[in-house]
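Note: hydrogens, waters and symmetry copies are ignored here, and every other heavy atom, side chains too, is used. Computed from a predicted model, the values in this text were never measured in an experiment. Naming convention: chains lettered A, B, ... in sequence-line order (proteins, then strands); numbering from 1 in each chain.
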Number of protein chains: 2
Amino acid sequence: MMNPTAAMLVIGDEILSGRTQDTNTHHLAGALTGHGIDLKEVRVVPDDTGAIIAAVQYLSDHYDHVCTSGGIGPTHDDITADAVAAAFGTPIDVRDDARALLMAHYEQAGVEMNEARLRMARIPDGAELIENPISAAPGFTLKNVHVMAGVPMIFQAMVASLLPTLSGGKPLLSRTLRLMQPEGVIAKPLAALAAEFPDLSFGSYPFYSNGTYGTNIVGRGTEASELDAAMARLAALFPMDGT
Amino acid sequence: MMNPTAAMLVIGDEILSGRTQDTNTHHLAGALTGHGIDLKEVRVVPDDTGAIIAAVQYLSDHYDHVCTSGGIGPTHDDITADAVAAAFGTPIDVRDDARALLMAHYEQAGVEMNEARLRMARIPDGAELIENPISAAPGFTLKNVHVMAGVPMIFQAMVASLLPTLSGGKPLLSRTLRLMQPEGVIAKPLAALAAEFPDLSFGSYPFYSNGTYGTNIVGRGTEASELDAAMARLAALFPMDGT
């Protein structure tokens, strides 16, 4: 059986302008891989309603899950919740359950609720809330789209809340063999190995260290015994070399 | 006049599996912004010919420039050059100019040319080479698609080779105001300011530091005087606060 598939949609002008390095994709990729869900595509779009709607509709149609990051705060540029609702033609308004979470959090913190903060309680009809243990304002799941915060600490907490609720397949395993050989030497035997193990995938990642070229060969697959056999075969081709 | 637009296409299973944190997008985003080209979309796709072709065709149709990263080395998983050629129906084969660059480099390094390394001289008909001052194997520009290496040091060198050949518009300027106020307090005056300066964009990025919540407000635009006026107006609203 194939693993479920996922796409990531990162929303934010700050990524596209070069101000901010996105790290949420990398975190999500590792978490999904460990859970047996295959991340197949990532898109980054600006804070633009039309761009968000188009990406949500396409990705929701083509993958089992879509995770989004960014644009669910209290300011005017936080348009993700409304855009995701619009993508499915779902009504959205301040919802009592989300408002109650915020009220309890602000009361404890001695902070006033106001109109801007109330925006964070806008949740589409029928969506499930995703818990935010850090700053209370929840994410949500509408159909197969999981809407989460952009601040990395909060995004990671929401991923931790979300993942146990998703059915996973077989975790994708990987093994790395570090060879002090340039890619150009390894390429031919590696291609032969890849042809012999069609259920596995092999990536080749060159590096330069202490004045010499080397290559990390990463094998990936869901069957540990097959993966180990293939990597052992490869290591045997370069006996003096693996470290 | 509008600035030219660009999209980034990152190619590689290693990004989607969570093994590798992509940093090429962040580098390119900063370089394009400084050159007056607006990065409007990013996609990450696996080492899959169909996925690369579909993304190249879409992005090439919708943006002035497409920059790709990854998949142009000597190994079996390096399929970007052939996929980009296929996306435009352009023939591709080992090209004399690219082979000459590789031969000169390998001769100097005392390394043998072989079949795998020769793959890196596969360049589509009519494409312009992009110089690689580090390891010689060139990138190329086919129509409006600029194909570059995935290794960050080489990617950055290729971007430096490429950018001076592209017409830029007005560099997008940004100003940051750091306020020791949570987003929920700033949201309303910020929305009013954004409505008053429709040519500028304003992003709001919360942070948590030394036990208090603060917000970085980033204004962006191409006219320095207008941007400075708007940021001064905002700072005046929080007089005890800007740092």
Enquirer: Please flag which part of Val185(A) lies under 4.5 Å from any non-hydrogen atom of chain B: side chain, backbone, both or neither.
Expert: both
Enquirer: Applying a criterion of heavy atom separation less than 4.5 Å, what residues of residues 51-63 of chain B form contacts with chain A?
Expert: none
Enquirer: Side chain of Gln21(A), backbone of Asp22(B): donor and acceptor closer than 3.5 Å?
Expert: yes
Enquirer: Would you mind telling me which of Ala191(B), Pro182(B), Ser201(B), Ala116(B) has the largest number of heavy-atom pairs within less than 4.5 Å of chain A?
Expert: Ala191(B)
Enquirer: With rounding to the nearest 0.5 Å, note down the distance linking CG in Asn216(A) to OG1 in Thr20(B).
Expert: 9.0 Å
Enquirer: Contact part of Tyr205(A) toward chain B, heavy-atom cut-off under 4.5 Å: side chain, backbone, both or neither?
Expert: side chain
Enquirer: What distance separates Ile15(B) CD1 from Met8(A) CE, expressed to the nearest 0.5 Å?
Expert: 13.5 Å
Enquirer: Would you give the length of the straight line joining atom OG1 of Thr33(B) to atom CZ of Arg19(A), rounded to the nearest 0.5 angstrom?
Expert: 12.5 Å
Enquirer: Taking every heavy-atom pair that is under 4.5 Å apart, which of Pro46(B), Ala7(B), Ser17(B), Ser135(B) has the most such pairs with chain A?
Expert: Ser17(B)
Enquirer: Got a second to check how far Leu172(A)'s CG is from Leu16(B)'s CG, nearest 0.5 Å?
Expert: 11.0 Å
Enquirer: Within a reach of under 6.0 Å around CD of Gln108(B), are more than 12 heavy atoms found that belong to other residues, nucleotides or ligands?
Expert: no
Enquirer: Below 4.5 Å from any heavy atom of chain B, which atoms of Thr23(A) appear? Answer side chain, backbone, both or neither.
Expert: both
Enquirer: Pick whichever of Glu115(B), Lys188(B), Glu14(B), Glu41(B) has the most heavy-atom pairs under 4.5 Å with chain A.
Expert: Glu14(B)
Enquirer: Give, as side chain, backbone, both or neither, the part of Asp78(A) having an atom under 4.5 angstrom from any heavy atom of chain B.
Expert: side chain
Enquirer: Ile134(B) and Tyr213(A): which non-hydrogen atoms are nearest, and at how many Å?
Expert: O-OH, 4.5 Å
Enquirer: In terms of heavy-atom contacts, does CE of Met103(A) have more than 12 from other residues, nucleotides or ligands at under 6.0 Å?
Expert: no
Enquirer: Checking heavy atoms, do the side chain of Glu112(A), its backbone, both or neither come under 4.5 Å from chain B?
Expert: neither
Enquirer: Chain A: which of Val44(B), Asn114(B), Val45(B) shares the most heavy-atom pairs with it under 4.5 Å?
Expert: Val44(B)
Enquirer: Check whether Arg220(A) gets within reach of chain B through its side chain, its backbone, both or neither, counting any heavy atom under 4.5 Å.
Expert: side chain
Enquirer: Heavy-atom pairs under 4.5 Å with chain A - which of Pro206(B), Ala187(B), Ala195(B) has more of them than the others?
Expert: Ala187(B)
Enquirer: Kindly give the heavy-atom pair with the smallest separation between Ser204(B) and Thr75(A), and that separation in Å.
Expert: OG-CG2, 3.3 Å
Enquirer: In terms of heavy-atom pairs under 4.5 Å with chain B, which of His76(A), Arg119(A), Arg117(A), His26(A) leads?
Expert: His26(A)
Enquirer: Among Ala6(B), Gly184(B), Gly34(B), Ser174(B), who wins on heavy-atom pairs under 4.5 Å with chain A?
Expert: Gly184(B)
Enquirer: Would Val42(B) and Val42(A) count as a side-chain contact (heavy atoms from CB on, under 4.5 Å) here? Give the steps.
Expert: CA-CA 8 Å; Val42(B) 180; Val42(A) 179; over 6 Å; no
